[in-house]
Amino acid sequence: MKVVIKKYSHQKIERKWQKFWATQQIFKATADNHHPKYYALDMFAYPSGDGLHVGHPRGYTATDILARYHRMLGHNVMRPVGWDAFGLPAENYAIKIGQPPAKLTKANIVRFSKQVKSLGFAYDWNRELNTADPSYYKWTQWIFKILYDNGYAYQKEACVNWCPKDKTVLANEQVVDGCCYRCGAVVEQKNLKQWFFKITDFADELACHPDKLDWPESTKTGQKNWVGKSEGAEIEFKIKSEKSRIKVFTTRPDTLFGATYLVLAPEHPLIKRIVTKEQKHKIEKYIKDARLKSVLDRTVAKEKTGVFTGACAINPATESEIPIWVADYVVTDYGTGAIMAVPAHDDRDFEFATKHKLPITEVVESDQSKLPYVGHGKLINSGRFTGQSSQIAGADMAETFGGKITVQYKLHDWLVSRQRYWGAPIPIIHLADGGVRSVDVEELPIKLPTDVDFKPTGESPLALSKKFQSGVAKKYGKGARRELDTMDTFVCSSWYFLRYCDPHNATEFAGAESLKHWMPVDLYIGGSEHTNGHLLYARFIVKVLHKLGYINFNEPFLKLRHQGLILGTDGEKMSKSKGNVINPDEVIEVFGADALRMYEMFMGPFDQPLPWNTAGIEGVRRFLNRVWSLKPVAKAPETDRAIHKLIKKVTDDIEQMKFNTIVSSCMEFVNLAIDRGITKSALERLVMLLAPMTPHIAEEIYQKLGHKQSIFVSDWPKFDPKLLLEDSVTVAVQVNGRLRGTLSVSPTADEAEVEKLAIALPSLATHIEGKKVVKRHYVPGRIINLIVK
RNA sequence: GGGCGAGUGGUGGAAUGGUAUACACGAAGGACUUAAAAUCCUUUGCCGCAAGGCUUGUGGGUUCGACUCCCACCUCGCCCACCA
């Protein structure tokens, strides 16, 4: 059949339908109890000055496909959009060019909105939100307040991560390889008084993912490892000639008899008290050096260094004196910052003991010749415990020598205060008598002042505002002052999915009815880099709100998927410095939004990182031109049959998010349609199947076929299972497991009949001549394997 | 060091126990054109003139049959990491 391939004007039709959907409010979400609800969410964007990246549309398109598909299934769909507007990059850029971050952020949001709209996503713009808007951060502050009022937010002095370039503290989750996650500066450790959220109260819950959560296994184990639960014991060691004791944490209390020395982290407070005169100078120098080392240098150090304090402790089990050392292989922020070293049964202790000639005592029998042996076994040299199994004896031994069984987590409380301007002010008042309280709820929002120089100095820029403290003394008593730090932006983003349910509510963070209707999120798509940050924080906030009775669910995201990174054409991560960045605006200009959306789905499996290839998008655009050029004919039986298979395939693949094979199946179908023709009804169904992925061209063709309503209010096509069966099928014929020919038979042909036809095949002749079929294996409609001798 | 993935043509990939290399890109040849673009047709895993043989990182195993399942190893990617 002759089909003339014509190009379509994407500029014209894409703008046209975007406008149509907006004016018709096709994607406006209104709670409707008569249909199943479907809440589809992308991780909202940080509106940076660079604009949209080609990586953004990959995740957004996937969510969009599912949202539009569910709408066509008749479901009550919500697909909201918003902006994670507070944060360091906007502020740093603002400082650089000398403009207020509020102004810049506003301009960035305008730009992002325009770009996102040009991709034709099915967003409900009525629910658009912006975390830097007082009507939003009022409720971020309210969450801080109720956390504080219920004991989940507190202030303490602690050794914290400090970014010297951005001049602010950072959460543990924001330190990557010892560097600031934003600017890359080497992070320092400082003792500072800061605000924390008690995320550790929920450590066990966060480490566990109930069955109802359909999350990638890697994300679940990533979170579990980040929480890092270990069971063990705390054991106290008496210090010789000192009253105080050193408490250590160990997961192997069963090896107590083998503890031949103790090690303190360089930051340990007891060091000053126990160090002897002779060793004082050496220890002080070591501590100073350790503090100057970056976190990175300390964690990947090749050689273990350390210094003897001159002091000794008593091993409670052996009652012998053991030396106390200081070494930076022991970290201060895990366990008690002190360890009992058992060199015979721990790799690190063994390495250290060998280097510094410390005694090594074996207490677990091992069948391997070399030490250290870290496994379990029969205890030896262990007093009355000798002969017991190390696996069982631990708890008993700990208790016998005054220790207690405890649990340790790697997870730390979430440090949420920042000494920066562009964030939500912490709603706390410091009273004249040293007391602390949260602000009255009527006072919210505590607005971010504008009369400040927002350059970071290490102290919060809010200190420079004259207006910020006005009225505080009058309301809260003489000498009362507002807290000057702002909140980590991750606080803002840890509850935005709740606000989407009821974004204009002025009296609550979201109404109970709306939350009950829409939550939890049915599909959440975003980058896997948020595993141990945003996704953990969001689950924590939901669990707190649940515990305090504000919401009736304790997990926010039912189904989670991560989009793979789009790499440059060189296979490297896109970056300005490498010059391999693809600008989506230019791609849309040349090929259209539909082609970009489809190409990003066609590249390969959704969750895999894949390189960009400009020739690839040209191929997709060629395909769309071919779809555009299809003209209905009166009769096309083969295509009429094939469309049923396509409906099944596309439906199955959407459910499984196998977008790449949706595209290839549609290509195969269109190749057939061009060859054999297509009827109007098959063409209609084809464009309906394409509509979630390439909505503009689908809507245009649909309307051209004579429809007045949007394709997105039509019903998703159904297939007839009877038509999935073929009249005849090709059966592969194997002899002794090797392919020797094919047969075309009826799918209902029986085994004996197929064998008869197979043996008669000329291509089999040389392989079965003079031999006897001793066995056969037949898979109806697929393969027959003849075993001959 | 630990955890999680992944290794298939020149390239992105398809096939999750049943005809390996679908679909697309690229390449080569041809048609149309004064020419080019666009479009269409043909070829395209490797070796071989052919018959035929070989082929899913490597080696073994299970099976009538393995890219697919099992064991060991190698390589790459991501995440975590002196966590006691």
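Predicted, not measured: the structure shown is a model, and the values here were computed from it. The basis for the numbers below is simple: all heavy atoms, side chains too, and nothing from hydrogens, waters or symmetry mates. Numbers restart at 1 for each chain; the letters A, B, ... are given by sequence-line order, proteins then strands.
- In this model, the phosphate group of B:C4 is not approached by any side-chain N or O of A:Thr219 to a distance below 4.0 Å at OP1 or OP2.
- The separation between A:Ile566 atom CD1 and B:G13 atom P is 12 Å, rounded to whole Å.
- Judged purely by distance below 3.5 Å, without hydrogens or angles, the side chains of A:Glu351 and A:Tyr329 never pair a donor atom with an acceptor atom.
- The side-chain heavy atoms of A:Val627 and A:Thr694, taken from C-beta on, include no pair separated by under 4.5 Å.
- Applying the ring pair (Phe, Tyr, Trp, His ring centres under 6.0 Å) test to every pair with at least one member in residues 659-678 of chain A, sequence neighbours left out, gives these pairs: A:Phe606-A:Phe659.
- For the pair A:Gly337 and A:Asn736, both in contact range of RNA chain B, the more 5′-proximal nearest nucleotide belongs to A:Asn736.
- The separation between A:Lys7 atom NZ and B:U39 atom P is 8 Å, rounded to whole Å.
- A:Phe602 comes within 4.0 angstrom of a nucleotide base, judged by non-hydrogen atoms across all strands.
- Look at NZ on A:Lys658: it is 17 Å from P on B:C23, rounded to the nearest Å.
- Minimum atom distance to the side chain of A:Ser218 is reached by B:C4, of the listed B:C4, B:G26, B:A15.
- In this structure, A:Arg539 satisfies the cation-pi test against A:Trp215, with its NZ or CZ atom closer than 6.0 Å to the six-membered ring centre and inside 45 degrees of the ring normal.
- Taking every side-chain heavy atom of A:Thr250 into account, B:A84 is the closest of B:A84, B:C23, B:G12.
- For A:Lys775, counting side-chain heavy atoms from C-beta on, the closest listed nucleotide (B:C79, B:C64, B:C25) is B:C64.
- Residues meeting the side-chain hydrogen bond (donor to acceptor under 3.5 Å, both in side chains) test with A:Thr200, sequence neighbours left out: A:Asp413.
- Residue contacts shown for A:Gly619 are limited to sugar-phosphate atoms, with no base heavy atom under 4.0 Å away.
- With hydrogens and angles ignored, the 3.5 Å screen pairs a side-chain donor or acceptor of A:Asn580 with a backbone N or O of A:Lys573.
- Looking at heavy-atom distances under 4.0 Å, A:Pro605 makes contact with sugar-phosphate atoms alone, never a base.
- Contact between the side-chain N/O atoms of A:Arg622 and the OP1/OP2 oxygens of B:C40 is not found at any separation under 4.0 Å.
- Between B:G18, B:C25, B:A22, one nucleotide has an atom nearer to the side chain of A:Asn613 than all others, and that is B:C25.
- Less than 6.0 angstrom separates the ring centroid of A:Phe352 from the ring centroid of A:Trp325.
- When each of B:G18, B:C82, B:G12 is scored by its nearest atom to the side-chain atoms of A:Tyr329, the top-ranked nucleotide is B:C82.
- Listed nucleotides B:A84, B:A20, B:G12 differ in distance to A:Pro611; the shortest reach to its side chain belongs to B:G12.
- Here the side chain of A:Asn532 is nearest to one of B:U19, B:C80, B:G18, namely B:C80.
- Distance from the side chain of A:Ile5 is smallest for B:U39 among the nucleotides B:U39, B:A20, B:C64.
- Out of B:U19, B:G65, B:A84, the shortest distance to the side chain of A:Thr251 is found at B:A84.
- Remark: A:Arg58 is not positioned above the aromatic ring of A:Tyr599, lacking an NZ or CZ atom under 6.0 angstrom from the ring centre and at most 45 degrees off the axis.
- In RNA chain B, consecutive stretches of 3 or more Watson-Crick or G-U wobble pairs with both distances under 3.5 Å are given as paired ranges: B:1-7 with B:74-80, B:10-12 with B:23-25, B:26-31 with B:39-44, B:45-47 with B:52-54, B:57-61 with B:69-73.
- Among B:C82, B:U19, B:G3, the nucleotide with an atom closest to any side-chain atom of A:Lys304 is B:C82.
- As a whole-Å value, the separation of A:His345 NE2 from B:C82 P is 24 Å.
- The glycosidic torsion of B:G9 lies within 90° of 0, which places this base in the syn conformation.
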